[in-house]
Protein chains: 2
Amino acid sequence: MTTALHATVEAQACCAPLVAAPISPPDAEALARTLKALADPTRLRLLSLVAAHEGGEACVCDLTDPVGLSQPTVSHHLKVLVDAGLLTRDKRGVWAYYALVPGALDSVAAVLATRLRG
Amino acid sequence: MTTALHATVEAQACCAPLVAAPISPPDAEALARTLKALADPTRLRLLSLVAAHEGGEACVCDLTDPVGLSQPTVSHHLKVLVDAGLLTRDKRGVWAYYALVPGALDSVAAVLATRLRG
DNA sequence: CGTCAATATCGACAGTCGTCGATGGCTGCG
DNA sequence: CGCAGCCATCGACGACTGTCGATATTGACG
């Protein structure tokens, strides 16, 4: 599965309803799970560091120093981001290269900007 | 401020200097604080319920039943959302009316989609 | 095969979070 | 004035989270 952000949007976009249906509990749960992965300053910095790194990918040893945390902690945060579908993990030899999942952040942003609007 | 990102260039094959400035720790902290307010299924549902409610506003008594939680818990969640700048609180008589802050969600979405892109 | 380096996993600990019942402060109305 | 209803705050409790050090796993290289 890519992400659980595929909101149940029907193709009835011609007539904007006066009152939109609120988000369903399962959809809220799924969106909250993704947002929980993002709602940590260290993980936001890790995402940004990976994105800004040369080639758009970085390994753990590139990230421990900038965030100033231990290697197991950084590894843990990266796993959270991978499980949330925001990062990919590509192990080449001894090194594990992490990269942004294309469009993942945009999907979250789109849901926030459209699905919760009245 | 331009923090001196001394890029400790080692002789390691995996470490390379950053090519763009990542998000600053204070910015990450601020964004994480907002995302933390959003990263809860109940609060997402409350936001959606308020947005979908007649007139774009709702009081606590309108929300306790749909989310199925106690009144103090709903009140607590609404306070979190107000403190995060996502909801406004307007007390008229005995009732407290909550409404979406215009553009607040769009701002969060924009930061997610652009600031973390690298 | 033995060693070294990069990562992942484990166990533990302090801090935070979501939830509840009880309580108190307000406001409107008899 | 006194009662009733709406809401916020308080105190408590279980659950989850971020962090660490220690340890296990894996691949590269003599």
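Below, all heavy atoms of this structure are taken into account, side chains as well, without hydrogens, waters or symmetry copies. Sequence lines set the chain letters: A, B, ... in the order given, protein chains first and strands last, and positions in each chain run from 1.
Within the 4.0 angstrom heavy-atom criterion, no nucleotide atom of any strand lies near B:R92. Among the protein residues, A:Y98 comes within range of the sugar-phosphate backbone only, with heavy atoms under 4.0 Å from sugar or phosphate atoms but none that close to a base.
Taken residue by residue, residues 59-74 of chain B places heavy atoms nearer than 4.0 Å to DNA chain D at B:C59, B:V60, B:C61, B:Q71, B:P72.
Atom-to-atom, CD of B:E29 to P of C:dT16 comes out at 12 Å; the value is rounded to the nearest Å. Whole-Å rounding puts the A:K36 NZ to D:dC16 P distance at 10 Å. For A:K79 and D:dG18, the NZ to P distance is 14 Å, given to the nearest whole Å. Atoms CG (B:D40) and C1' (C:dT16) sit 13 Å apart, rounded to a whole Å. Between A:W95 atom CH2 and C:dC4 atom P there is a gap of 17 Å when expressed in whole angstrom units. Regarding A:H77, its NE2 atom lies at a distance of 6 Å from the P atom of D:dG18, rounded to whole Å. Atom CG in B:L46 sits roughly 13 Å away from atom C1' in C:dG18 (whole-Å rounding). Straight-line distance from the CZ atom of B:R33 to the P atom of C:dC17: 12 Å, rounded to whole Å.
Residue B:H76 places none of its side-chain N or O atoms closer than 4.0 Å to OP1 or OP2 of C:dC20. Neither OP1 nor OP2 of D:dC7 sits under 4.0 Å from any side-chain N or O of B:R89. Look at B:R43 and you'll find a side-chain N or O under 4.0 angstrom from OP1 or OP2 of C:dG18.
Side chain of A:R117 to main chain of B:L105: no donor-acceptor pair is present (N/O by atom type, distance under 3.5 Å, no hydrogens or angles). Without hydrogens or angle criteria, B:S75 side chain to B:Q71 main chain gives no donor-acceptor distance under 3.5 Å. Remark: side-chain polar atoms of B:R45 are paired, donor with acceptor, to backbone N or O of B:P66 under 3.5 angstrom.
Taking CG from A:D62 and OH from A:Y97, the interatomic distance works out to 8.0 Å, rounded to the nearest 0.5 Å. To the nearest 0.5 Å, the span separating CG on A:L47 from CG on A:L38 amounts to 6.5 Å.
A:H77 pairs by the side chain to side chain contact (heavy atoms under 4.5 Å, CB included) definition with A:D40, A:T42, A:R43, A:L46, A:T73, not counting sequence neighbours.
In the hydrophobic clustering, B:V80 connects to no other residue, as no ILVMFWY side-chain heavy atoms lie under 4.5 Å from its own.
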